[in-house]
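Everything on this sheet refers to the single structure shown next.
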Amino acid sequence: MSRLRSIPSVESLLQHPDLVRLAERAPRPVIVGAVREALAGVRAALRKGGTAPPVGADELAARARSLAEASLRPSLRPVLNATGIILHTNLGRAPLPEAAVEAVLAVARGYTNLELDLATGSRGSRGAHLEPLLREILGAPAAIAVNNNAAAMLLALNTLAAGREAVVSRGELVEIGGSFRIPEILERAGATLREVGTTNKTHLRDYERAIGPRTGVVLRVHPSNFAIVGFAERVSREDLAALARKKRVPLLEDVGSGALVDLRPYGLPEEPLLREALAEGVPLACASGDKLLGGPQAGILAGTRRLVDACRSNPMARALRLDKLSIAALEATLRLYRDPESLGSAVPTLRMVAEPAASVRARARRVLVALGADRAGRARAEVVPCTAEVGGGAMPLARIPSYAVALTAPRGTIGELARALRMGAEPVLGRIESGRLLLDLRTVDRREVPRLVAALHHALDGERGSG
Ligand SMILES: *Cc1c(COP(=O)(O)O)cnc(C)c1O
């Protein structure tokens with residue numbers, strides 16, 4: 001108990017020069033909270049064993065300072081993605097094009113004409129900022145954008161199939177990103193799942209037999225994140241669209257990644273395009289805004305005027321609508337698609353997909369040189385070929401040749417080096433492969449290289465081993 005009594009008081013710790021200096025940039029309640037937390041930690045340790053070494057005021061002030069500093073840092077922060085996964089859902093998927101960033105800044109500070117028709121001065125619709133562009137780019141009679149693709153699916157399924165059946169192939173009952181499962185979305189939309197075919201084969205006659213008076217929608221889903229190889233068969237889009245037309249039931253296709261341009265010229269597999277789905281007779285299609293489209297989180301629903309209008313007037317649309325910042329970002333991103341020539345440089349996701357491996361290698365070499373011979377030697381750093389991925393549940397089989405800086409931990413384990421890089425002022429995410437940490441430069445922009453190098457200096461110099 002005497003040890004407990006020897007612990008400094010909150011008031012005396014607050015006079016410590018370190019904490020007095022911190023008060024210039026941190027609110028007092030934050031510092032007081034941190035001091036209390038640091039003291040509570042010591043008391044708890046003493047009560048448990050009583051064998052903990054005595055803790056001095058300097059040590060306590062340092063602990064309080066680092067607690068206060070941690071609580072001052074924003075929780076959502078920029079990180080450097082050196083994983084080589086271009087659309088990393090945990091890292092926020094698509095980085096926005098510069099034009100989209102500027103558009104967000106332009107509307108964020110003040111008021112906007114979000115729901116105002118400037119020509120007449122009367123009430124306008126927020127959809128009006130996007131629909132003309134979407135129609136033009138997708139060749140669709142009508143289109144709306146909502147919170148994300150899951151929201152687009154929920155809205156379309158609820159509009160078309162609440163209290164009715166949704167006919168889906170067993171090969172397309174997929175789960176995407178751990179929480180988006182087609183059967184669950186269907187259920188929440190109020191529709192009953194009517195499975196047809198088998199996991200590997202579904203024929204047109206399977207759909208034909210299932211469609212009846214209770215059918216609300218026929219659903220076709222792009223199984224983005226897996227591929228069935230071998231003895232497999234899927235009904236073609238044209239055949240399914242023709243059948244749905246003949247039976248007079250709506251067909252909804254979830255094309256997934258929202259690719260708007262063909263990426264096969266860059267060596268990637270074919271990915272369904274919204275425009276193509278609509279051109280091939282699909283009356284309603286949806287996709288994500290922040291995957292291969294390269295924009296903000298959003299879901300796009302495009303198709304015939306009748307079906308899109310039905311979705312638009314569903315009261316659920318209000319709950320799933322986009323805010324002005326996302327509308328600004330999506331509008332600016334879509335505008336870039338009017339100029340296919342400059343797309344490859346203007347949209348970061350497409351730029352990362354398209355960059356030649358040799359140019360990624362040159363960037364990796366620059367990082368290695370900037371590390372300095374001494375540091376690079378200690379970490380046995382070298383530039384190695386590796387494989388990047390599209391990610392985001394798109395093109396699971398696509399392998400993109402890339403280059404990484406591979407490091408070993410000079411002290412401690414590779415897991416500790418990875419943690420030190422994650423916990424730095426500028427968090428860096430890499431991937432561990434065969435006991436080395438790989439920093440894939442395909443997903444690190446040229447302008448981010450100095451920040452990556454600074455973070456590496458810090459982690460390699462400050463790393464303290466396992467003690
Ligand atoms: C990614 C994906 C979704 C989910 O899209 P979100 O925009 O994340 O809601 C739905 N369907 C398919 C086929 C996808 O690939």
Side-chain angles (χ1 to χ4, degrees), residues 85-96 100 130 134 143-158 166 168-189 191 193 217-228 234 237 240 251-260 263 268-274 276-278 282 284-303 311 316-317 319-323 325-327 329-330 333-334 349 353 389-398:
I85 299 168
I86 296 172
L87 298 166
H88 199 306
T89 298
N90 299 355
L91 304 184
R93 291 195 185 153
L96 289 181
L130 296 170
L134 285 170
I144 52 172
V146 290
N147 183 62
N148 58 8
N149 193 18
M153 290 278 277
L154 184 66
L155 180 61
L157 292 170
N158 180 263
V168 196
S169 159
R170 286 197 171 86
E172 298 175 6
L173 292 174
V174 295
E175 171 178 310
I176 291 152
S179 55
F180 178 86
R181 294 174 137 192
I182 298 291
E184 288 170 7
I185 291 270
L186 267 172
E187 192 188 316
R188 292 297 165 140
L193 173 62
V217 71
V218 176
L219 177 62
R220 181 180 155 94
V221 182
H222 175 54
S224 317
N225 57 357
F226 76 105
I228 295 179
R234 196 178 177 218
R237 176 188 281 149
L240 194 56
L251 168 66
L252 169 66
E253 178 166 337
D254 173 8
V255 305
S257 83
L260 297 184
L263 297 172
L268 288 183
E270 181 171 8
E271 181 74 9
L273 305 179
L274 266 175
E276 241 169 49
L278 299 169
V282 173
L284 190 63
C286 63
S288 291
D290 57 355
K291 292 186 182 170
L292 285 167
L293 194 154
Q297 179 187 305
I300 291 166
L301 251 177
C311 293
M316 203 182 253
L320 304 174
R321 73 185 187 182
L322 283 178
D323 81 309
L325 303 183
S326 305
I327 291 175
L330 186 55
T333 307
L334 289 171
T349 49
V353 164
E389 289 171 39
V390 172
M395 306 186 177
L397 302 183

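Counting convention: from 1, in listed order, for ligands and their atoms alike. Bear in mind that the values here come from a model prediction, so they are computed numbers and not experimental data.
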Problem set entry | Atom indices of ligand 1, in the order listed, that fall short of 4.0 Å to a heavy atom of Phe180 | 10 (C), 11 (N)

Problem set entry | Heavy atom of Lys291, distance to ligand 1 below 4.0 Å | yes

Exercise. CE/Met153 to CG/Asp254 distance, rounded to the nearest 0.5 angstrom?
Worked result: 4.5 Å

Seminar exercise, completed: Residue set satisfying salt bridge (Lys or Arg N to Asp or Glu O under 4.0 Å) with Glu184, at least two apart, ordered chain then number -> Arg181

Problem set entry | Atom pair CG (Asp290) and CG (Asn149), whose distance is rounded to the nearest 0.5 Å | 9.5 Å

For this session: Return yes when Gln297 approaches ligand 1 closer than 4.0 angstrom through a heavy atom, no otherwise.
Result: no

Exercise. Which residues pass the salt bridge (Lys or Arg N to Asp or Glu O under 4.0 Å) test with Arg170, sequence neighbours left out?
Worked result: Glu195

Exercise. Just by distance, do the side chain of Gln297 and the backbone of Asn147 share a donor-acceptor pair under 3.5 Å?
Worked result: yes

For this session: May I ask you to check whether Ser257 has an N/O atom sitting below 3.5 Å from an N/O atom of ligand 1?
Result: no

Problem set entry | For Asp254, the ligand 1 atoms whose distance to one of its heavy atoms is below 4.0 Å | 10 (C), 11 (N), 12 (C), 13 (C)

Exercise. Do any nitrogen or oxygen atoms of Gly256 lie less than 3.5 angstrom from nitrogen or oxygen atoms of ligand 1?
Worked result: no

Problem set entry | Approximate separation, where rounding is to 0.5 Å, of Leu252 CG and Leu284 CG | 5.0 Å

Problem set entry | For His222, the ligand 1 atoms whose distance to one of its heavy atoms is below 4.0 Å | 13 (C)

Seminar exercise, completed: With heavy atoms and a 4.0 Å threshold, my read on which part of Arg93 contacts ligand 1 is side chain

